[in-house]
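Have a look at the structure below, then the notes.
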Number of protein chains: 2
Amino acid sequence: MVKRATARDVAEQAGVSKWTVIRAFTPGASITETSRAKVMAVAEKLNYRPNLLARSLATNLTHQVAVLVDDFENPYKLSFLERLTLELQSEGLVAVLININEHFDHVHALLNADQRQLDAVVMCGTAFRTEMLQDVRLDGAAPMFVLARDSQIPGVPAINCDSTLAINELCRHLHGKGYRRPGFMAGAKTLSTALGRQRAFKAFWQLHGIDEVAELAAQSYSAASGAAAARRYLNEVSPADRIDVLLCENDVLAFGAMDVIRGEFGLKVPADIAVAGFDNTLFAAAPAYDLTTYEQPVEAMVKATVSMILGREPKVSVILPGRLVVRGSA
Amino acid sequence: MVKRATARDVAEQAGVSKWTVIRAFTPGASITETSRAKVMAVAEKLNYRPNLLARSLATNLTHQVAVLVDDFENPYKLSFLERLTLELQSEGLVAVLININEHFDHVHALLNADQRQLDAVVMCGTAFRTEMLQDVRLDGAAPMFVLARDSQIPGVPAINCDSTLAINELCRHLHGKGYRRPGFMAGAKTLSTALGRQRAFKAFWQLHGIDEVAELAAQSYSAASGAAAARRYLNEVSPADRIDVLLCENDVLAFGAMDVIRGEFGLKVPADIAVAGFDNTLFAAAPAYDLTTYEQPVEAMVKATVSMILGREPKVSVILPGRLVVRGSA
DNA sequence: TTGTATGCGTTATCAA
DNA sequence: TTGATAACGCATACAA
């Protein structure tokens, strides 16, 4: 194994001090063109490149950002991951991907990110409970950000889609289509985002003179849970009393619900029950589902997050408007 | 902003030298229990945790692994990402996720990983051309691994699914079901993996006395490409001459193909044309597709990769058997 | 077992 | 503009 060349190696061969070598690689440093050229020639020859690790130790900046993800089953996380890595890389940063699970929780991740001196922590749609933070002491720790979820943590900005606006736009569309017996399928009950959406949903219909809103509760944000919740509802409620439109908190839930509505109960979407989702994931556009849904402003959200990380924008919570995507399912 | 406590801070308060502090945090170091306890108490009080960055500089080990991904649209990459991060984390390693795209190619990524002193580089299913490596000089660089793809790079082990075996198992199943007019849909023509699969497909049917094999070429590995390829084929070939079974190189291609077969041509799957895929992605199990496919041994592949990274296994290419998943589509 | 000196490869600061 | 000294926080090797 060949050792990597260091600034000192270059300095020796170039006949200058190692600090001159450093300067040659420091944009805007005061150095003569002759020196720089001499250094660069030797550097090229020795294949020298600055050691970013050593630089980080000296500057207290790793240019690495922890990205916490806890549910890889949700395809919409992929779009966030893609945009986020892209945006970070274009700014010279890099994402350290941390998988949150039973064996490795948020506290683990935060401590780890702290010990590795990462510059920032982005919780990418992770289910986070404020209590988890109580026993952790992050003194000079990196700034945290909650992406695609509301933050209940004081001092931690949330960058989120305006879900109230979203729900209202969705509902206005559904109401305009003539649906009058609405149902809402929520995923995890505990999350504030979920509660907010459900509240906004009920408020809309109430405002339009409809007090009866069916609530289907799924256990989690998976197609199977969505299917189970739909199955339970359709079994319990007589056909005459059924909803005529179902808004799911999530595309994936909607897929599961549609599978059951059509496949197990032989009902038509949207004729018998219209279905709408949230996220506009890849498969929402597939003819098999053709799902009416709401798209989160992924790019804007990610850009906002990265701007805050870089300190270009104040670190405050931001709510951005998304986009209604009308398709055949509702 | 509070400064983080260092070993020296702890040493001063504990009345020992900083090396004793280091020892307290070094498993198996020779230190008395009293010293360790004293150190730990102060450490706890000061909230001291070793700076992994400084440790890395001293040990030449970052415990970070670059994971290169170039196509976030393919859901099966998610399963690899999930398993890989999981496995790495359980070994004290962490994944640095690098998004390969037009603005940030493999060479960029490799240089970046090198400068950051990452311990290993895993190319996770990325489309890589050997020529790209020609002008890069990675002297003391980290070992590279190609996951879920064949490696044409000398000295770079590939950890892959046995696609010949896979194709044979799939074909045996299809043949057993009675299909005799087979078609194969390939994604990118340039990839060796793709060529290998197609060759194995043709070889199987030839061996069973069938020389006529339709070849549908998709432009890329997306549902839209799969749809376009299927559309082109169905438009060109008269109903009497049509294939009765289509094996797609990829689940996503299969989804696109099914959408067109059923939605645009009103044909039944599998009655008119059976369809099979490859990868067993999340949606393959969805009733809307119910796709017969082949599952890559993700966990085994990832474990093998991590073992090599850790030096527990010799760094050689490995081919692992997957699992046929029979569903309703074929 | 404990303390000391030295090194990892860079950056920051000051002097020349 | 250049060289030198110190510092970043820890690990290794050696001496006490």
Side-chain angles (χ1 to χ4, degrees), chain A residues 1-40 42-43 46-64 114-119 139-141, chain B residues 1-40 42-43 46-64 114-119 139-141:
Chain A
M1 164 137 163
V2 192
K3 266 205 54 162
R4 271 180 269 244
T6 75
R8 205 166 75 156
D9 300 328
V10 177
E12 280 174 10
Q13 284 220 21
V16 297
S17 72
K18 62 174 178 174
W19 296 279
T20 304
V21 176
I22 302 286
R23 286 191 186 93
F25 281 88
T26 306
S30 57
I31 182 176
T32 55
E33 256 319 307
T34 31
S35 298
R36 156 166 274 135
K38 193 164 54 180
V39 167
M40 286 318 224
V42 178
L46 295 184
N47 197 25
Y48 165 79
R49 265 160 291 130
N51 181 331
L52 262 34
L53 197 54
R55 176 177 295 175
S56 292
L57 184 61
T59 56
N60 254 314
L61 244 47
T62 54
H63 298 286
Q64 292 190 335
D114 184 46
Q115 284 196 260
R116 290 183 187 273
Q117 317 292 112
L118 303 193
D119 294 345
D139 285 346
Chain B
M1 164 139 162
V2 190
K3 265 206 59 165
R4 270 180 270 245
T6 74
R8 206 165 72 154
D9 300 328
V10 176
E12 281 175 8
Q13 285 219 22
V16 297
S17 72
K18 64 174 177 173
W19 295 278
T20 304
V21 175
I22 304 284
R23 286 191 185 93
F25 281 88
T26 307
S30 58
I31 182 176
T32 55
E33 257 317 308
T34 31
S35 296
R36 157 165 273 134
K38 193 164 55 179
V39 167
M40 287 317 222
V42 178
L46 295 184
N47 197 24
Y48 166 79
R49 266 159 290 129
N51 181 332
L52 295 183
L53 196 55
R55 176 178 294 175
S56 292
L57 184 61
T59 57
N60 256 314
L61 244 48
T62 54
H63 299 285
Q64 296 193 140
D114 184 47
Q115 285 196 259
R116 289 183 190 274
Q117 316 293 108
L118 303 192
D119 294 344
D139 284 346

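Treat the numbers as computed from the prediction; the structure is a model and nothing was measured.
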Would you indicate what A:S35 reaches in the nucleic acid, counting non-hydrogen atoms under 4.0 angstrom: base, sugar-phosphate, or nothing? sugar-phosphate
Side chain of B:A7 - closest among D:dC10, C:dG3, C:dT11: D:dC10
In whole angstrom, give the distance that lies between atom CD1 of B:I22 and atom C1' of D:dC8. 13 Å
Checking contacts here: which listed nucleotide (D:dT2, C:dG9, D:dC10) is nearest the side-chain heavy atoms of A:T32? D:dT2
Output the rounded distance in Å from CZ (B:R116) to C1' (C:dT10). 15 Å
note: A:F25, atom CZ; C:dA12, atom C1'; distance rounded to Å ~ 19 Å
Answer with base, sugar-phosphate or nothing: what part of the nucleic acid does B:T59 contact at a heavy-atom distance below 4.0 Å? sugar-phosphate
May I ask you to test the A:D119-A:H63 pair for a side-chain heavy-atom distance under 4.5 Å? yes
Between CG on residue B:N51 and CD on residue A:Q115, distance to nearest 0.5 Å: 8.5 Å
To the nearest Å, give me how far apart CG (A:L52) and P (C:dC8) are. 19 Å
State the CZ-OG1 distance between A:R116 and B:T62, to the nearest 0.5 angstrom. 7.5 Å
Separation of D:dA7 atom C1' from B:K18 atom NZ, nearest Å, is 11 Å
Tell me: CD1 of B:I31 to P of D:dT12, nearest whole Å? 15 Å
Whole angstrom value for the distance that separates P of C:dT10 from CG of B:L53: 13 Å
Considering only side-chain heavy atoms of A:N51, which listed nucleotide, D:dC10, C:dG3, C:dT10, is closest? C:dT10
Below the 4.0 Å mark, does C:dT4 have OP1 or OP2 next to a side-chain nitrogen or oxygen of B:S17? no
Taking every heavy atom of B:L57 against every heavy atom of A:L53, the minimum-distance pair comes out as N-CD2, 3.9 Å
Looking at D:dC14, D:dC10, C:dC14, which one has an atom nearest to any side-chain atom of B:R23? D:dC14
Distance, rounded to the nearest Å, where B:H63 contributes NE2 and D:dC10 contributes C1': 13 Å
With a 3.5 Å cut-off and just heavy-atom distances, do the side chain of A:W19 and the base of C:dT10 make a donor-acceptor pair? no
Atom pair CG/CG of A:D9 and A:N47 - distance to nearest 0.5 Å: 12.0 Å
Report the residue (A:T26 or B:R36) whose heavy-atom-nearest nucleotide on DNA chain C is the more 5′ of the two. B:R36
